[in-house]
Amino acid sequence: MGIVTTRAVLLRSFPYSETSRVLRFYTDALGTVGVMAKGLRAGGGRRGTSLESFTEGGLTIYVRPTRELQTLREFAPTRVRRKLAADLPRFGGGAVLGELVLKHAGEEANPRLFDVLSRALDRLCEVPAESVLPALLQEGWRLVSTLGYRPQVERCLECGVSPTDELVRFDLAGGGIRCGRCAPDPAGPRLGPRARAQLSALLDQSGPAPPTLERPVVHLRLLSDFVTYHLSGGRPLASFEVLTGLLGS
């Protein structure tokens, strides 16, 4: 059994017994890791540490490769991120990012993905309430792109032409847009020029998200559908469903 210390974000926590919890972390050294935290009492953390969702800090665990759950030695928080619990959309956004990473990041070290997740959670804490959904969408697409699944929205997948003012279709299977001439029938969701421009802005990792979005829930559903098709094996993430229900149509 070895001892590993790594940066970690707590993404999920649930009780195992009256004094133990199972914790799911994303770490920069081990990827996704499950941890058994023994000797905890309701409302308290080990040695006064915080075990609230989305808390980031230094995690030290006893690692045995043959075990599904490793054993907690210590978790020293550096970012607690209590602001994510301030309102439901903000917390729901954090849940979407967390579930996306837990389901698809795997158990290999990916410091870049860890940094993207950390900055995304910080951003959700900091943005004003009206900017939570645009920020979530941009950070969600950023995580998807970091995992290697960025969609093509600048040119038609079939002919390579850059659409101007025409209506296009988003081809989920192809991972991008098809112009009116190349779109099969039936095709995927329709995107007008404004919706396509907003999607391009959300995918632009160097610029800010658009301050307002037309039909933001439609953008959220598109991200959910893309993740479902390319990363989830056809099963929508529960957090998307919950957040979409909170926001309404």
Side-chain angles (χ1 to χ4, degrees), residues 1-111 113-122 124-125 136 139-140 143 231-232 235-243 245-246:
M1 182 183 295
I3 298 177
V4 175
T5 298
T6 176
R7 292 186 299 160
V9 178
L10 177 59
L11 296 178
R12 187 164 296 173
S13 171
F14 50 93
Y16 182 80
S17 68
E18 289 186 1
T19 59
S20 298
R21 298 189 72 82
V22 173
L23 312 174
R24 298 282 288 171
F25 288 94
Y26 187 69
T27 73
D28 70 343
L30 300 173
T32 303
V33 61
V35 176
M36 175 67 72
K38 299 178 181 179
L40 301 181
R41 290 197 172 20
R46 167 167 286 196
R47 297 177 185 174
T49 61
S50 172
L51 289 173
E52 300 175 31
S53 295
F54 312 120
T55 296
E56 180 178 334
L59 173 69
T60 301
I61 52 177
Y62 298 100
V63 175
R64 183 170 290 175
T66 56
R67 285 183 178 175
E68 182 177 349
L69 293 175
Q70 309 307 326
T71 302
L72 177 69
R73 179 179 181 182
E74 184 179 14
F75 182 54
T78 55
R79 295 186 179 97
V80 179
R81 298 191 175 106
R82 290 195 176 98
K83 288 184 179 179
L84 286 180
D87 58 74
L88 288 176
R90 207 179 293 268
F91 187 86
V96 165
L97 300 178
E99 188 178 11
L100 178 57
V101 169
L102 279 178
K103 294 287 188 181
H104 309 301
E107 298 178 355
E108 297 180 358
N110 190 338
L113 182 64
F114 182 91
D115 289 338
V116 170
L117 173 63
S118 178
R119 288 194 296 268
L121 293 173
D122 283 343
L124 286 185
C125 287
L136 165 64
E139 297 301 335
L143 283 174
L231 288 90
S232 298
R235 290 187 173 185
L237 299 186
S239 55
F240 273 117
E241 299 296 314
V242 172
L243 183 57
L246 285 173

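For clarity, every value in this text was computed on a predicted model and none was experimentally measured. In this chain, residues are counted from 1 in sequence order.
Across F114 and D28, no two heavy atoms sit closer than the pair CD1-N, 3.6 Å. Here the closest heavy-atom approach between residue C125 and residue L84 is recorded as SG-CG, 3.6 Å. Shown here for G98 and L11, the closest heavy-atom pair between the two residues is O-CD1, 3.7 Å. When every heavy atom of L69 is checked against every heavy atom of V35, the shortest pair comes out as CD2-N, 3.9 Å. F91 and A85 make their closest contact through CD1-CA, 4.2 Å (heavy atoms, listed as atom of the first residue, atom of the second, distance). In plain terms, the two heavy atoms of L136 and L243 that are nearest each other are CD2-CD2, 3.3 Å.
A donor-acceptor contact shorter than 3.5 Å is absent between the side chain of S13 and the backbone of L23. At distances below 3.5 Å, at least one donor-acceptor pair connects side-chain atoms of R90 with backbone N or O atoms of L124. Here the side chain of T32 pairs a donor or acceptor atom with the backbone of G106 at under 3.5 angstrom. Judged by distance alone, the side chain of Q70 and the main-chain N or O of R64 form a donor-acceptor pair under 3.5 Å.
A side chain to side chain contact (heavy atoms under 4.5 Å, CB included) with Y26 holds for exactly one of N110, L97, L102; it is N110. When each of I3, L30, T6, T5 is tested with I61 by the rule side chain to side chain contact (heavy atoms under 4.5 Å, CB included), just one qualifies, namely L30.
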Checking side chain to side chain contact (heavy atoms under 4.5 Å, CB included) for the pair H104/L237: CA distance, chi angles, key distance, verdict?
CA-CA 11 Å; H104 309 301; L237 299 186; 4.0 Å; yes

Could you walk me through whether L113 and E108 pass the side chain to side chain contact (heavy atoms under 4.5 Å, CB included) test, one step at a time?
CA-CA 11 Å; L113 182 64; E108 297 180 358; over 6 Å; no

Stepwise side chain to side chain contact (heavy atoms under 4.5 Å, CB included) test for E52 and R81
CA-CA 9 Å; E52 300 175 31; R81 298 191 175 106; over 6 Å; no

Candidate pair M36 and S20, rule side chain to side chain contact (heavy atoms under 4.5 Å, CB included), full reasoning:
CA-CA 7 Å; M36 175 67 72; S20 298; 4.1 Å; yes

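R24 contributes atom CZ, which lies 8.0 Å from atom CZ of R12 (distance to the nearest 0.5 angstrom). Rounding to the nearest 0.5 Å gives a distance of 9.0 Å between CG of L117 and CG of L100. Atom CG of residue L51 and atom CZ of residue R21 lie 8.0 Å apart, to the nearest 0.5 angstrom.
Considering only heavy atoms from C-beta on, V96 stays 4.5 Å or farther from V242 through its side chain. Side-chain contact between S118 and R7 is absent, with no heavy-atom pair separated by less than 4.5 Å.
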